[in-house]
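Data first, discussion second: the structure below is written as structure tokens.
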Amino acid sequence: MSEVRTRFSPSPTGSLHLGGAHTALFNWLIARHFQGAFVLRIEDTDKERSKEEFVTEILDAMGWLGLNWDEGPYRQSERLPIYLEYIDHLLAKGAAYYCDCQPEDLKMRREAALARGEKPKYDGRCRHRNLKPGPRTAVRFKGPETGVTRWHDLIKGHIAFDNQELDDLVILRTDGIPTYNFAVVVDDITMRITQIIRGEDHIPNTPRQIQIYEALGAELPGFAHMPLMLSTDRGKLSKRRGAKSVLDYRERGFLPQSLCNYLARLGWSHGDQEIFTREELIQYFTLEHATTSPGVFDEEKLLWVNSQQMKAMPPAALARELTPFLARIGIEAPEQEYVARAVPTLSARCHTLVEMAEAARFYFQDPRPYEEKGAKKFLTAEAAPILQEVARRLESLPEFSEAAINQLFHDLAAETGLKMVNLAQPVRLALTGRTASPGLFEIINILGSPETLQRIKTAISFAAGNT
RNA sequence: GUCCCCAUCGUCUAGCCUGGUCCAGGACACCGGCCUUUCACGCCGGCGACACCGGUUCAAAUCCGGUUGGGGACGCCA
């Protein structure tokens with residue numbers, strides 16, 4: 001029947017942070033779930049703080065997360081004539097009025113009210129003065145003085161505000177630019193938004209916006225207020241409190257699907273399921289299972305989700321994701337097929353692509369210098385003949401495969417009576433420079449015979465001289 | 001200060017609407033064990049919560065009221 005239309009409307013006064021991504025994701029998921037439309041709108045009416053570079057950054061972050069939009073990005077700054085038209089309409093109806101109270105005055109009156117222990121709201125001074133427009137006049141919305149404004153929130157349920165609690169808000173500033181609460185309503189009406197999903201910090205704005213809808217004679221959309229994302233100290237996530245930009249997470253080696261998975265599960269659930277593909281998220285996501293209480297952002301869990309998502313990814317795709325991180329540590333343009341073979345040996349051991357690149361290093365570079373403690377323990381003069389023997393047998397291995405290598409080591413252990421650890425660790429050091437690494441046999445198999453042999457020989461000379 | 005929202009393990013949550021199946025389930029983290037060529041993964045086990053008080057009821061995590069606690073909002077910011 002009627003198409004579901006949601007929107008995300010960031011203001012470009014900073015980059016897209018986790019809280020914004022959370023809101024964007026919920027809106028996107030609802031639009032996709034109901035096969036509706038997702039609209040992107042840039043709320044840039046604050047000329048002072050809005051910056052074009054932030055628009056670029058936000059779009060970049062949205063694209064990375066895979067939150068594609070069907071319409072927009074619209075910009076409020078380009079829609080001024082539309083807002084003005086609606087302002088005139090309200091003025092003509094007597095639902096708005098001019099006000100010449102000056103900001104400094106207003107501020108004083110607010111502070112005085114607060115000092116008296118009252119709610120610091122506008123006193124309605126100009127409401128009945130019938131002022132004409134002038135150079136220093138703003139336009140205020142004339143809200144109802146009695147009664148109750150209520151709505152059924154799609155997440156929180158019934159919410160009601162006494163109209164007495166609300167004051168007449170400015171809808172058009174002296175500089176001729178509409179304020180947020182007004183522009184949003186006009187936009188949401190003209191863009192035919194059907195569900196407004198946003199943070200619960202907007203709950204106090206909602207009754208005001210509803211009144212504007214009503215004054216404009218527009219049909220009300222559904223409102224859904226999501227619980228806020230809190231920082232570890234349980235405060236609102238803000239820059240000061242470590243709210244991080246989405247792009248930071250990309251830098252740190254998180255997969256976009258991990259962030260989406262984690263963010264979706266914060267404030268929503270689908271039984272006991274923790275790991276979701278994008279398709280599953282779209283399939284299952286509705287507001288019915290949205291939760292009502294604020295959630296603390298937990299990076300430990302994000303890390304775990306990321307490791308799970310990495311493991312679930314096809315090797316070739318993971319290899320592609322890893323490549324830029326390899327480049328960062330000096331491994332340029334590696335052969336994709338080779339990376340794809342290495343990646344499955346690493347994915348169970350890493351939480352981020354940054355970690356994985358580091359762990360993959362030995363596949364591409366000289367493993368030296370050897371980890372000091374390990375070398376001291378395993379690359380000793382006594383180990384040299386063992387390495388010698390491993391090399392000899394490897395060289396004459398008829399078929400170079402993981403199974404054959406496995407057999408080779410087990411035979412050697414059985415024949416020499418050596419414990420596998422004492423056999424494997426020197427070789428591991430020789431090949432990776434570390435005492436901890438992926439399985440030895442898979443490493444040898446991936447590295448290939450010539451490279452393996454050469455590394456072992458290098459280690460033999462090292463071990464021989466290590467007394 | 002006023003208004004609004006929220007309240008289950010340290011954290012994310014299931015259960016709550018439609019009371020009994022819940023001396024509360026899952027996940028992260030933490031601890032122990034198993035597996036094992038190392039480190040991980042994985043598997044098994046442990047730790048650990050219905051904020052409090054009162055009411056309704058044969059029966060309350062679930063319904064009602066209050067208290068406390070937490071969060072948010074009170075701009076010619078968004």
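Letters A, B, ... are given to chains in the order of the sequence lines, protein chains preceding strands, and every chain is numbered from 1. Owing to the predicted nature of the structure, the values given are computational and were not obtained by experimental measurement.
With both ends at atom P, the span from C63(B) to C16(B) equals 10 Å, rounded to whole Å. Atom P of G15(B) sits at a distance of 26 Å from the matching atom of A59(B), rounded to the whole Å. G46(B) and C39(B) have their P atoms separated by 25 Å, given to the nearest Å. Taking atom P on both nucleotides, C44(B) is separated from C28(B) by 12 Å, rounded to a whole Å. Distance check on atom P: U8(B) versus G45(B) gives 27 Å, rounded to whole Å. G33(B) and A24(B) have their C1' atoms separated by 26 Å, given to the nearest Å. Using atom P as the reference point in both A7(B) and U62(B), the two lie 12 Å apart (nearest Å). C4(B) and A51(B) have their P atoms separated by 23 Å, given to the nearest Å.
For Thr174(A) against C76(B), a side-chain N or O and a base N or O form a donor-acceptor pair under 3.5 Å. Counting distance only, with no hydrogens placed and no angle test, the side-chain atoms of Glu274(A) and the base atoms of G26(B) include a donor-acceptor pair under 3.5 Å. Under 3.5 Å, the side chain of Arg49(A) and the base of C77(B) form at least one donor-acceptor pair of N or O atoms.
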Assess whether ring pair (Phe, Tyr, Trp, His ring centres under 6.0 Å) is satisfied between Phe26(A) and Phe285(A), documenting all intermediate values.
CA-CA 8 Å; Phe26(A) 272 45; Phe285(A) 200 90; 4.8 Å; yes
Could you go step by step and tell me if Ile275(A) and Val305(A) meet the side-chain contact (heavy atoms from CB on, under 4.5 Å) rule?
CA-CA 7 Å; Ile275(A) 302 300; Val305(A) 171; 4.2 Å; yes
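For Ala436(A), the side-chain atoms get nearest to C39(B) when compared with the rest of C6(B), A78(B), C39(B). The side chain of Gln425(A) lies closest to U37(B), out of A78(B), U11(B), U37(B). If you check A40(B), C4(B), U2(B) against the side chain of Ile159(A), the one that comes closest is C4(B). Here C4(B) is the nucleotide among A78(B), C4(B), C76(B) with the atom lying nearest to any side-chain atom of Phe161(A). When distances are taken from the side chain of Asp46(A) to each of C77(B), A40(B), C28(B), the shortest belongs to C77(B). Side chain of Ala348(A), nearest nucleotide from A7(B), A78(B), C41(B): C41(B). Comparing U37(B), A78(B), C12(B) by their nearest atom to the side chain of Arg265(A) picks out C12(B). For Lys119(A), counting side-chain heavy atoms from C-beta on, the closest listed nucleotide (U2(B), U38(B), A29(B)) is U2(B). For Pro294(A), the side-chain atoms get nearest to C6(B) when compared with the rest of C6(B), C74(B), U37(B). Distances were taken from every side-chain heavy atom of Ser269(A) (C-beta onward) to each of G72(B), U13(B), A78(B); the shortest belongs to U13(B).
Nucleic acid contact for Pro227(A): none, since no nucleic acid atom lies under 4.0 Å from a heavy atom of the residue. Within 4.0 Å (heavy atoms only), Gly199(A) reaches no atom of the nucleic acid at all. Heavy atoms of Ile203(A) sit under 4.0 angstrom from primed sugar atoms or phosphate atoms, though from no base atom. Within 4.0 Å (heavy atoms only), Thr291(A) reaches sugar-phosphate atoms of the nucleic acid but no base atom. Counting any heavy atom pair closer than 4.0 Å across all strands shown, His202(A) reaches a base atom.
Residues Phe182(A) and Phe141(A) place their aromatic rings such that the two centres sit no closer than 6.0 Å. Taking the ring centroids of Phe297(A) and Tyr262(A), they lie under the 6.0 Å cut-off.
Regarding contacts with the backbone of C39(B), every side-chain N or O of Thr435(A) stays at 4.0 angstrom or more from both OP1 and OP2. For Thr292(A) and A7(B), the shortest distance from a side-chain N or O to OP1 or OP2 is below 4.0 Å. For G42(B), the OP1/OP2 oxygens have a side-chain nitrogen or oxygen of Lys311(A) closer than 4.0 Å. At the phosphate of C39(B), neither OP1 nor OP2 sits under 4.0 Å from any side-chain N or O atom of Ser437(A). Taking only side-chain nitrogens and oxygens, Arg110(A) comes nearer than 4.0 Å to OP1 or OP2 of C76(B). For the OP1/OP2 pair of A40(B) and a distance below 4.0 Å, the side-chain nitrogens and oxygens of Arg434(A) include no atom meeting the criterion. When the side-chain nitrogen and oxygen atoms of Gln308(A) are compared with OP1 and OP2 of G42(B), one or more of them lie within a distance under 4.0 Å.
Across the protein-nucleic acid pair, Lys156(A) atom NZ and C16(B) atom P stand 19 Å apart, rounded to whole Å. Taking atom CZ of Phe223(A) as the reference point, atom C1' of C4(B) lies 15 Å away to the nearest angstrom. The separation between Tyr180(A) atom OH and A73(B) atom C1' is 12 Å, rounded to whole Å. In this structure, CG of Asp175(A) is placed 18 Å from P of G75(B), rounded to the nearest angstrom. Look at CZ on Phe297(A): it is 15 Å from C1' on A29(B), rounded to the nearest Å. The CD atom of Glu111(A) sits 18 Å away from the P atom of G1(B) (whole-angstrom rounding). Protein atom CD of Glu200(A) is 18 Å distant from nucleotide atom P of C3(B), rounded to whole Å. With rounding to whole Å, Leu408(A) atom CG is found 13 Å from U37(B) atom C1'.
No salt bridge links Glu355(A) with Arg349(A); every basic N to acidic carboxylate O contact stays at or beyond 4.0 Å.
Using N1 to N3 plus N6-O4 or O6-N4 for Watson-Crick, or N1-O2 and O6-N3 for G-U wobble, each under 3.5 Å, A29(B) pairs with nothing. Applying the Watson-Crick and G-U wobble criteria (two distances, each under 3.5 Å), U36(B) pairs with nothing in any strand. A 3.5 Å limit on both hydrogen-bonding distances identifies C6(B) as the Watson-Crick or G-U partner of G69(B). Within the shown strands, nothing qualifies as a pairing partner of C16(B) under the Watson-Crick or G-U definition with both distances less than 3.5 Å.
Counting heavy atoms from C-beta outward, Tyr122(A) and Cys99(A) have side chains that approach closer than 4.5 Å.
For C41(B), the glycosidic angle deviates from 0 by 90° or less, giving a syn base.
Ring geometry, Phe276(A) versus Trp268(A): the interplanar angle falls from 30° to 60°, so the pair is classed tilted.
Rounded to the nearest 0.5 Å, atoms NE2 (His410(A)) and CZ (Phe441(A)) are 5.5 Å apart.
Judged purely by distance below 3.5 Å, without hydrogens or angles, the side chains of Asp100(A) and Thr137(A) never pair a donor atom with an acceptor atom.
Remark on RNA chain B: of its neighbouring residues Thr137(A) and Pro204(A), the 5'-side contact belongs to Pro204(A), judged by nearest-heavy-atom nucleotide. When each of Val421(A) and Pro178(A) is assigned the nucleotide of RNA chain B bearing its nearest heavy atom, the one mapping closer to the 5' terminus is Val421(A).
In summary, of the residues considered (Lys121(A), Lys142(A), Arg127(A)), a side chain to side chain donor-acceptor pair (under 3.5 Å) with Asp168(A) occurs for Arg127(A) alone.
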